[in-house]
Amino acid sequence: MTLPALFIPHGGGPCFFMDPKGGPADPMWRSMQAYLAGRIDTLPERPKAVLLISGHWEEDEVTVHAGNGQPLLFDYYGFPEHTYKLRWDAPGSPEIAARTKALLEGAGFPVGEEHARGWDHGVFIPMMVAVPGADIPLVQLSLRKDLDPAAHIAIGRALAPLRDEGVLIVGSGMSFHNLRARGPQVTPVADEWDAALVDAVTDADPARRAERVAAWDALPHAHFAHPREEHLLPLMVALGAGGEGPAVCDYRDYVMGWAVSGFRFG
């Protein structure tokens, strides 16, 4: 059975775990938390592994984490002490890492491999919500530092066979990511950006969809929404992996005045 590919918002820092007794301290994160908590239940079958591309890891060449059991990389700053003691002890999958590397190399991409880097918060924060039992193996894949949209869509296309092999491909980022722009005055601009992004991502023609999303910076307010596009690039990988299937926006809500969306491909 073929699994979809997903693009999910991962929130801000340890947003879903700010209350030491459990749950977000700010209610604005609760809708996103509920969305993430329901992702696995919407799938046609439980994945045998997750391949996750986070907006928090970039390398000169696309790089696969091939370790088996990783520490967490607490790459956020200034949060309560208990958020640096969070645990998510899912295993890695060297087998899926090797398969990922082979698919990318077969498509002509130079591929790095590493074993020591911890899972960043673009991985463990949403996965603690989506897979709280930490019982699905996970492999992380980096972005490429050039942040080339077309190349990342092509990376996703190369990975598409994994969807038929029980692997859930997840891009983890944010559809709007300007940390200096907050509050209700941002909302009209964020709405216009989000509407244009959703229209491009959900274009019924897969070839036109890819072209429009690769040209993301031509959309209204693009560089306001993403002063740097690393949190948007995981969307490109998920879109590429989605292939010819439908693309739907299956989440939309507001945080910090931003319209934030999630997507499902295939």
Margin query: Please evaluate residues His10 and His121 with respect to the criterion ring pair (Phe, Tyr, Trp, His ring centres under 6.0 Å), reporting the C-alpha separation (whole Å), side-chain torsions for both, the decisive distance (0.1 Å), and the verdict.
Written below: CA-CA 8 Å; His10 63 230; His121 77 276; 5.7 Å; yes
Q: Determine whether the side chains of Asp191 and Tyr254 contain a donor N or O and an acceptor N or O closer than 3.5 Å.
A: yes
I would like to know whether Asp250 and Arg39 meet salt bridge (Lys or Arg N to Asp or Glu O under 4.0 Å); could you show each step before the answer? CA-CA 10 Å; Asp250 62 356; Arg39 290 307 82 210; 3.1 Å; yes
message = Less than 3.5 Å apart, any donor N or O on the side chain of Thr42 or Arg264 sitting next to an acceptor on the other?
response = yes
query: Is a donor on one side and an acceptor on the other found under 3.5 Å between the side chain of Trp88 and the backbone of Val131?
result: yes
For this session: Check whether any side-chain heavy atom of Phe265 sits under 4.5 Å from a side-chain heavy atom of Pro4, and report yes or no.
Result: no
Check: Glu114 side chain, Ala116 main-chain N or O, donor-acceptor pair, under 3.5 Å:
yes
Donor-acceptor under 3.5 Å (Asn68 side chain, Ser93 main chain): no
Output for pair (Tyr76 OH, Thr83 OG1), nearest 0.5 Å, gives 4.0 Å
Requested in this report: Under the side-chain contact (heavy atoms from CB on, under 4.5 Å) rule, what do Tyr35 and Val129 come out as? Steps first, then yes or no, please.
Outcome: CA-CA 9 Å; Tyr35 165 74; Val129 177; over 6 Å; no
Student check: side-chain heavy atoms of Val111 and Glu61 closer than 4.5 Å = no
dist Asp75:CG -> Ile125:CD1 (nearest 0.5 Å) comes out at 9.5 Å
* Asked: Does the side chain of Glu230 reach to within under 4.5 Å of the side chain of His177, using non-hydrogen atoms?
  -> yes
Q) So, His231 versus Glu229: side-chain donor-acceptor pair below 3.5 Å or not? A) no
| message | Is it true that, when you exclude Glu95 itself, more than 12 heavy atoms of the residues, nucleotides or ligands shown sit nearer than 6.0 Å to its CD? | response | no
When rounded to the nearest 0.5 Å, the distance separating SG of Cys249 from CG of Asp199 is 11.5 Å
Heavy atoms of Leu159 and Ile169 approach each other most closely as O-CD1, 3.5 Å
- Look at the side-chain heavy atoms of Ile, Leu, Val, Met, Phe, Trp and Tyr, link any pair under 4.5 Å apart, and say whether Leu73 and Val64 land in one connected group. no
Quick check: does any side chain N or O of Ser142 sit under 3.5 Å from a backbone N or O of Thr63, one acting as donor and the other as acceptor? yes
CZ of Phe17 to CG of Leu86, rounded to nearest 0.5 Å, is 6.5 Å
Test ring pair (Phe, Tyr, Trp, His ring centres under 6.0 Å) applied to Tyr251 and Phe263, step by step: CA-CA 7 Å; Tyr251 172 78; Phe263 298 95; 10.0 Å; no
Quiz prompt | Backbone N/O of Val123 and side chain of Ser172: donor-acceptor pair under 3.5 Å | solution = no
**Study point:** Residues Ile155, Leu141; criterion side-chain contact (heavy atoms from CB on, under 4.5 Å); working and verdict
**Key:** CA-CA 10 Å; Ile155 286 168; Leu141 188 71; 4.3 Å; yes
Flag, side chain of His223 to backbone of Arg228, donor-acceptor distance under 3.5 Å = no
CZ of Arg182 to OG1 of Thr187, rounded to nearest 0.5 Å, is 13.5 Å
Of Phe16, Trp119, Phe74, the one forming a ring-ring contact (aromatic ring centres under 6.0 Å, His included) with Phe124 is Phe74
**Asked** Hey, mind stepping through Lys21 and Asp19 against salt bridge (Lys or Arg N to Asp or Glu O under 4.0 Å) and telling me if it holds?
**Response** CA-CA 5 Å; Lys21 297 180 181 179; Asp19 182 349; over 6 Å; no
Distance-only, no hydrogens or angles: does the Glu81 side chain make a donor-acceptor pair with backbone N or O of Tyr84 under 3.5 Å? no
**Prompt:** Sub-3.5 Å donor-acceptor pair from the side chain of His226 to the main-chain atoms of Ala222, do we have one?
**Reply:** no
task: On the 0 to 90° scale, with breaks at 30° and 60°, tag the Phe176-Trp258 ring pair as parallel, tilted or perpendicular.
output: tilted
Ignoring hydrogens and angles, tell me if any N or O in the side chain of Arg209 forms a donor-acceptor pair with the backbone of Asp203 under 3.5 Å. yes
Original post:
With the 4.5 Å side-chain cut-off for hydrophobic clustering, are Leu179 and Trp193 part of the same group?
Top reply: yes
Check: Does Val248 belong to the same Ile/Leu/Val/Met/Phe/Trp/Tyr cluster as Ile40, with side-chain heavy atoms less than 4.5 Å apart forming each link?
Finding: no
Arg163 side chain to Leu3 main-chain N or O, any donor-acceptor pair under 3.5 Å? yes
Surrounding CD of Gln185 (heavy atoms of other residues, nucleotides or ligands, distance under 6.0 Å), is the total greater than 12? yes
*asked:* Please determine whether salt bridge (Lys or Arg N to Asp or Glu O under 4.0 Å) holds for the pair Asp135 and Arg46, giving the CA-CA distance in whole Å, both sets of side-chain angles, and the decisive distance to 0.1 Å.
replied: CA-CA 11 Å; Asp135 55 349; Arg46 191 168 178 83; 2.7 Å; yes
Between the CD atom in Gln140 and the CG atom in Leu51, the distance rounded to the nearest 0.5 Å is 9.5 Å
Can you tell if the side chain of Glu59 reaches within under 4.5 Å of the side chain of Arg144, non-hydrogen atoms only? no
